[in-house]
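Naming: A, B, ... by sequence-line order, numbering from 1 per chain.
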Amino acid sequence: MTAETAVGVARQFTSRTCQFTGLRVDVAAQNLIKANAVAAVVFLAIGGLMGLLVALTRWPAVHLLPAEWFYLVLTGHGANVLLFWIIFFEMAVLIFASTILLNARMVMPKLAWFAFILMVVGAVLGNVAVLQGESSVMFTSYPPMMAKPHFYLALILFAVGALIVVGQFFANLIVAKEEGAFQGSMPLVTFGALTAAIIAVWTILSGAAILIPTLMWSMGWLSDVDPLVYKVVWWGMGHASQQINVSAHVSLWYLVGALLLGAKPLSEKVSRTAFFLYILFLQLASAHHLLAEPGLSASWKIVNTSYMMYLAVLGSMIHGLTVPGSWEAAQRRNGYDKGMFEWLRKAPWGNPAFSGTFLSLVMFGFIGGISGVVLGTEQLNVLMHNTLYVPGHFHGTVVTGTTLAFMAATYLVLPLIFQREIIWPKLAKIQPYLFGIGAAGISLFMMGAGTLGVARRHWDITFSDAELNFAHSAGAFLMMGLNGVFAVIAALGGIIYVLVVVGTVLWGKKITSGHKLTFPLHAGGAAAASQYGSHATVKLPGTIVLIAIFFVSFVLYYFINWKYLSELWLFR
Amino acid sequence: MSTKETNVNVGGAGAKSEPIPFMQRLLDSPLLLLFLGVAIPTLLYTLWGVMEVVAIPLAK
Ligand code: HEM
Ligand SMILES: [Cu+2]
């Protein structure tokens with residue numbers, strides 16, 4: 001139980017000491033991180049390409065793919081990026097946070113390799129099923145639409161693999177404490193990863209509870225799956241998995257701030273409480289996907305999406321204050337103490353790990369966060385339900401937020417874990433900006449088109465062969481065109497990312513002792529990341545101004561939507 | 001300046017005479033947190049939601 005009973009019991013494991021951070025790196029954990037990161041990038045490349053094809057089809061002037069292919073590729077896009085890319089990367093984050101960051105060992109690495117193989121088999125089988133063409137059920141796979149059995153089986157195999165790794169995260173954590181790898185409370189980044197792992201357990205259990213019966217239905221063993229029960233339980237997985245992403249990328253925001261700027265949390269207590277709010281309440285927000293369902297009561301909807309979810313939103317607001325606040329505090333300590341914004345002007349903007357993380361933070365808040373609260377409000381939801389506003393919103397969360405944060409973190413993983421120097425630093429420098437601008441563009445223009453009534457998952461917005469004619473406004477067409485243009489920009493940013501990663505892993509200069517990093521770390525970075533402790537200060541004028549701008553935008557946008565609602569929905 | 005470094009590292013070892021605050025003990029217990037994080041949404045979201053769906057009368 002306690003540390004002293006375990007002192008001296010610590011097991012031997014093959015490790016090296018990192019010359020940049022002084023952390024003890026378990027080689028087994030390192031290899032697992034490498035494998036999961038590589039798999040993640042492979043599926044991002046496939047899925048990103050599919051995203052481009054989807055966007056080019058929805059660009060009316062291009063209208064690239066025929067209808068059947070559109071739905072097939074859309075299904076593949078969702079699965080490859082939202083499941084395979086993100087979850088493989090998250091496995092790497094969980095392993096890192098429970099071993100290397102704690103100077104601890106990976107428990108049962110062979111089991112983790114088995115899990116990895118299960119996940120790869122699941123991801124490959126999923127792609128095969130989608131490409132065979134009879135499983136174009138899209139990301140949500142709502143019955144009575146039915147996919148082939150191996151589509152569901154693929155998702156189940158992938159999820160079982162992920163659940164094993166999540167279990168190992170808990171085991172690593174408990175063993176690390178018992179063997180005395182760390183004393184007292186775990187570091188904040190690990191606590192954030194713990195939050196992600198907890199949400200992952202519920203996510204995967206929900207997924208199993210609904211996908212196993214759906215598989216049996218697809219095999220003909222069950223006569224039907226109730227569509228509404230499916231929706232309720234499926235969204236337990238579909239939404240909660242997004243909250244794994246949020247917890248994981250918020251942890252990375254803290255980690256990158258620590259490693260690059262030497263930032264410590266302003267208050268461990270406050271930041272940990274914010275994660276605790278996630279653990280308690282974030283998953284309930286799954287109900288926002290069902291706000292338009294007549295079969296569920298207003299009390300269920302409102303309890304799950306308002307009262308409780310706002311507590312989780314509070315958690316995000318806390319991180320939104322304390323992450324940039326801790327960066328400001330650190331930069332002021334680093335000597336950039338002049339005026340309101342010297343700390344920000346003199347931040348390492350040329351380091352893609354920093355610029356990507358910063359853009360992720362800002363865009364997640366402004367684009368994903370604000371639109372999320374609007375969509376999650378029962379009354380406002382009817383304005384945008386099932387329009388392109390929805391994908392617009394979630395590209396603001398999972399692309400500009402999570403994906404960009406993961407890309408940024410990769411620029412640390414390459415030199416520190418793969419021990420290779422970034423091969424094309426100039427390209428790497430512009431990559432987060434390019435991808436960020438593209439991703440922000442597709443988010444905003446899809447939101448714009450959705451506000452003008454364009455449906456999501458719709459192949460032909462001209463309704464060319466429809467019985468009843470309908471014409472979208474010219475503005476809607478413009479939005480779809482701009483969406484296409486920014487999709488190309490995002491795809492370029494994505495391609496550069498993949499090239500830099502592949503190039504570095506294969507041909508990057510091997511890092512030997514005494515090497516100086518192209519994108520250096522902060523001298524006190526590793527200690528700030530791996531030890532419990534706060535840097536209490538309230539002198540944060542710059543952050544306060546940024547937060548004020550955020551709140552004003554939030555309130556204005558929120559009320560504009562209520563105004564808009566009152567005009568559409570006349571009470572007389 | 002209003003800046004101060006704190007590097008509290010209490011709990012665990014049990015060597016400190018002060019009792020560890022309840023919240024800190026809770027936040028240091030991964031399995032207890034896991035229980036809360038699974039039980040709350042299962043009750044409030046899944047069970048309550050599925051009960052409502054099941055209570056919808058079937059069309060004749
Ligand atoms: C090059 C980057 C990307 C582009 C151009 C892009 C574009 C699009 C477009 C145009 C849609 C279709 C909207 C519709 O017709 O309903 C879509 C759907 C979607 N995208 Fe992306 N996307 C990109 C990256 C990503 C990433 C990185 C993720 C996740 C991390 C993601 C997750 C999704 C999901 C889950 C859907 C919904 C699929 C469905 O409705 O079944 N996208 N994307
Ligand atoms: Cu959601």
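Residues from residues 225-233 of chain A that place a non-hydrogen atom less than 4.5 Å from a non-hydrogen atom of chain B comprise A/D226, A/L228, A/V229, A/K231, A/V232, A/V233, given in numerical order. Taking 4.5 Å as the heavy-atom cut-off, the residues of residues 190-202 of chain A that approach chain B are A/F191, A/L194, A/I198, A/V201, A/W202, ordered by number.
Not a single salt bridge (Lys or Arg N to Asp or Glu O under 4.0 Å) links A/K269 to another residue, sequence neighbours left out.
For the set A/T273, A/L296, A/L205, the entry with the most heavy-atom pairs within less than 4.5 Å of chain B is A/L296. Contact count versus chain B (heavy atoms, under 4.5 Å) is highest, among A/S206, A/A209, A/S297, A/G295, for A/S297. When each of B/T46, B/V38, B/L27 is scored by its heavy-atom pairs under 4.5 Å with chain A, the top score falls to B/L27. Each of B/A55, B/G49, B/P41 has some count of heavy-atom pairs under 4.5 Å with chain A, and the biggest count is that of B/P41. Among B/L33, B/V50, B/V54, the residue making the largest number of heavy-atom pairs under 4.5 Å with chain A is B/L33.
When all heavy atoms of B/L44 and A/W300 are compared, the closest pair comes out as O-NE1, 3.5 Å. Here the closest heavy-atom approach between residue A/R272 and residue B/D28 is recorded as NH2-OD1, 3.2 Å. Between A/L173 and B/P30, the shortest heavy-atom contact is CD2-CG, 3.8 Å.
Atom CD of A/E293 is separated from atom CD of B/E52 by 12.0 Å, given to the nearest 0.5 angstrom. Between the CZ atom of A/F170 and the CG atom of B/L31 there is a distance of 7.0 Å, given to the nearest 0.5 Å.
Atom OH of A/Y142 sits in a crowded spot, with more than 12 heavy atoms from other residues, nucleotides or ligands closer than 6.0 Å. Around atom CE of B/M23, more than 12 heavy atoms belonging to other residues, nucleotides or ligands sit under 6.0 Å away.
Proximity to chain A (any heavy atom under 4.5 Å) is shown, for B/I40, by both the backbone and the side chain.
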When the side chains of residues 280-287 of chain A are checked against the rest of the protein, which donor-acceptor pairs come out under 3.5 Å, sequence neighbours left out?
unit_1: A/Q283; atom_1: NE2; unit_2: A/I279; atom_2: O; d: 3.2
unit_1: A/Q283; atom_1: NE2; unit_2: B/G37; atom_2: O; d: 3.0
unit_1: A/S286; atom_1: OG; unit_2: A/W235; atom_2: O; d: 3.3
unit_1: A/S286; atom_1: OG; unit_2: A/Q283; atom_2: O; d: 2.7

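Counting only heavy atoms from C-beta outward, the side chains of B/L26 and A/F276 approach each other to under 4.5 Å. Side-chain contact check for A/V303 versus B/Y45: every heavy-atom pair is 4.5 Å or farther apart.
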